[in-house]
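In what follows, a structure is listed as structure tokens, so that the remarks can point back to it.
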Amino acid sequence: MDRVDIAVIGAGAAGLMAAISAARRAPGSRVVAFDGAPRLGAKILIAGGGRCNVTHDVVTPEDFNGANRNQIAKVLRSFDVDATVQFFRDIGVTLKREEGGKLFPVTDQARTVLDALLHAAARSGAGVQGGFRVESLRREGDRFVVASRDATVQAGAVVLATGGRSVPKTGSDGFGYELARAMGHSVRPTFPALVPLLLVSGHWLTALRGISVAAELRVVSASGRVLHRERESLLFAHFGLTGPVALDISRHWIAAHRDDPAAGLIMNVLGNDFATAEQLFRADPAKSGATVRGVLRGRFPDRLADALALEAAGVDPETPLVRLTRDGRRALAHALTELPLPVTGDRGFAVAEVTAGGVPLDELRLATMESRVTPRLHLCGEILDVDGRIGGYNFQWAWASGRLAGDGAARGVEPSNQS
Ligand SMILES: Cc1cc2nc3c(=O)[nH]c(=O)nc-3n(C[C@H](O)[C@H](O)[C@H](O)COP(=O)(O)OP(=O)(O)OC[C@H]3O[C@@H](n4cnc5c(N)ncnc54)[C@H](O)[C@@H]3O)c2cc1C
């Protein structure tokens, strides 16, 4: 049976960072990251539309959901954005800031990020072994036994970095949760996050595919209480809603809807309140020829403008403002500021960018990400009950938690390479 000092299970973003950190901290020790995917780093390669949004220039605990904010803050503080930028610069990846604060490699190629991480792992002395899907993990005395279908490895410490369930064809198929359970951990119910939302089939909004608009989306309870709101860009698609605001609100809608099937999603495309919206449609004696279409087309793409009038408000867009009834005005204001969206579900883990739920942070010592249940087992990345907004936050979580886990696993390791 092969022996290693530290076995990292999963060589994605968090696992590679953990392996590099462990090998740097415990030179001479045997650190190996094992990954079951047919292709290493597949998720890094598809991230950010193939450009890999490595982090964001401002990352706060409020950008995350799941665990409590103090716990998240503790991990983020240990390896902040400056440290991330410096880390990547040191391994040969210069990052650039784009409008909105997202940081990408200057090459605009996710491949640059993956190659640099793999080179850094090799330089640090960490091994990365593909084609090794861990099927069982158990303790034998003071060591771990990590087994794939055809090989078994003994390890002094283990870092579990198997990710979540999103895009399972990349290798992150959720089996890591079983490994965590086998080590005595609980797993909070998982569900897709950063996932496009489905609308009732054939709904008029689906005919607006390709149109993008700034919008506020809010999740409301059955009684109308606002549970969460987001304002960003919304993109209509043939199946429903996508774009940053739909992705960011998705986990909140899914969580609310799970608890209360009457929870809804409301759209405001005006960025103003109902009374202001109503005001827009009051006839101005100085502009006698003004029409509903004129008001709407000045603010929204033409097809959206006409659909808001006709489909959402039931008002002919050609209607002159002077002939608009009070009811018509109110229907238009309603369409612009509080339009209920008939969401039927989400597109699922096949396309979700992250997984909400997972192993609770309460079960870890956050200074080292070590399990409170199984000593010398460390966990990091998306397997944990933390999911971030769109914009580089999920990778920042992977880098920070991966570094803590790798460093933590390296403490207490007595190199076995002489044995
Ligand atoms: C389409 C898409 C685009 C994204 N874009 C961005 C972005 O631009 N910026 C951003 O911040 N986030 C982005 N994300 C999210 C980000 O990719 C993840 O949050 C991040 O990769 C999580 O890192 P991780 O290492 O915890 O898990 P993963 O990257 O999922 O890695 C887990 C690894 O473990 C391996 N594994 C799983 N089970 C086993 C097993 N039993 N045995 C051995 N190996 C196993 C898998 O093969 C995988 O390689 C995107 C996600 C998707 C799906």
Side-chain angles (χ1 to χ4, degrees), residues 8 11-25 33 40-41 43-64 69 71-126 128 159 161 163 194 232 244 248 353-354 366-369 380-382 384 386-408 410:
V8 178
L16 286 172
M17 179 56 108
I20 294 165
S21 306
R24 285 179 178 179
R25 193 174 177 102
L40 275 180
K43 206 170 269 184
I44 293 175
L45 292 177
I46 59 173
R51 297 197 301 134
C52 190
N53 177 193
V54 172
T55 186
H56 196 279
D57 71 348
V58 182
V59 176
T60 70
E62 286 68 39
D63 296 310
F64 297 85
R69 300 268 151 86
Q71 293 172 320
I72 294 171
K74 206 166 170 184
V75 174
L76 293 175
R77 261 201 312 271
S78 71
F79 194 67
D80 62 11
V81 175
D82 287 344
T84 302
V85 171
Q86 184 65 45
F87 168 85
F88 277 99
R89 190 179 302 133
D90 291 346
I91 66 168
V93 182
T94 307
L95 300 176
K96 60 171 175 175
R97 181 189 184 282
E98 296 203 345
E99 210 187 313
K102 293 180 179 178
L103 300 187
F104 290 89
V106 289
T107 57
D108 279 330
Q109 303 273 337
R111 167 65 60 191
T112 314
V113 175
L114 176 60
D115 286 350
L117 287 166
L118 292 172
H119 285 138
R123 267 202 311 276
S124 70
V128 179
V159 176
L194 301 186
E232 273 172 274
D248 275 340
E353 292 199 10
V354 271
L366 296 178
T368 56
M369 307 305 280
C380 55
E382 201 176 310
L384 299 170
V386 176
D387 57 287
R389 340 165 30 91
I390 197 153
Y393 303 98
N394 288 294
F395 275 137
Q396 184 60 37
W397 175 254
W399 313 134
S401 61
R403 178 153 179 285
L404 279 179
D407 265 4

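Atom set for the values below is all heavy atoms of this structure, side chains included, hydrogens, waters and symmetry mates excluded. Keep in mind it's a predicted model, so treat the numbers as computed, not measured.
Between Trp399 and Phe395, the gap from one ring centroid to the other is short of 6.0 Å.
When all heavy atoms of Ala22 and Ala410 are compared, the closest pair comes out as O-CB, 3.6 Å. The two residues Ala400 and Ser78 have their closest heavy-atom pair at O-OG, 4.2 Å. When every heavy atom of Ser124 is checked against every heavy atom of Ala19, the shortest pair comes out as OG-O, 4.5 Å. Looking at every heavy atom in both residues, Ile91 comes nearest to Ala116 through O-CB, 3.6 Å. In terms of heavy-atom proximity, Gly381 sits nearest to Ala14 at CA-CB, 3.7 Å. Counting all heavy atoms, side chain and backbone alike, Glu98 lies closest to Asp108 at OE2-OD1, 4.2 Å.
Side-chain contact between Asn394 and Glu382 is absent, with no heavy atoms from C-beta onward closer than 4.5 Å. Cys380 has its side chain within reach of Val159: a pair of non-hydrogen atoms, C-beta onward, lies under 4.5 Å apart. Within the 4.5 Å cutoff, the side chain of Leu404 has no heavy atoms near those of the Leu366 side chain. Val85 places a side-chain heavy atom less than 4.5 Å from the side chain of Arg89. The shortest side-chain heavy-atom distance between Met17 and Leu117 does not fall under the 4.5 Å cut-off. Between Leu103 and Phe88 there is no side-chain heavy-atom pair separated by less than 4.5 Å.
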field: Derivation of the side chain to side chain contact (heavy atoms under 4.5 Å, CB included) call for Leu194 and Asp248
entry: CA-CA 6 Å; Leu194 301 186; Asp248 275 340; 3.4 Å; yes
query: When you look at Gln86 and Asp90, which way does the side chain to side chain donor-acceptor pair (under 3.5 Å) test go after all the steps?
result: CA-CA 6 Å; Gln86 184 65 45; Asp90 291 346; 3.0 Å; yes
- prompt: What do the steps show when you test Val93 against Phe87 for side chain to side chain contact (heavy atoms under 4.5 Å, CB included), and what is the final call?
  reply: CA-CA 9 Å; Val93 182; Phe87 168 85; over 6 Å; no
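Checked by atom type and distance alone, the side chain of Gln396 pairs as donor or acceptor with a backbone atom of Phe79 at under 3.5 Å. In this structure, His56 contributes its side chain and Val81 its backbone to no donor-acceptor pair below 3.5 Å. Side-chain atoms of Asp63 come within 3.5 Å of backbone atoms of Thr60 as a donor-acceptor pair (strictly under, hydrogens ignored).
Note that the OG1 atom of Thr84 and the CG atom of Asp80 stand 7.0 Å from one another [nearest 0.5 Å]. Between Asp82 atom CG and Asp57 atom CG the span is 10.0 Å, to the nearest 0.5 Å. We find the CZ-NZ distance between Arg97 and Lys102 to be 12.0 Å, quoted to the nearest 0.5 Å. One finds the CZ atom of Arg24 at 7.5 Å from the CZ atom of Arg123 (value rounded to the nearest 0.5 Å). To the nearest 0.5 Å, the span separating CD on Glu353 from CZ on Arg389 amounts to 13.0 Å.
Of the residues Val75, Ile72, Asp387, the one that meets the side-chain contact (heavy atoms from CB on, under 4.5 Å) test with Phe64 is Ile72. Just one of Leu118, Val113, Leu40 meets the side-chain contact (heavy atoms from CB on, under 4.5 Å) condition when paired with Leu16; it is Leu118.
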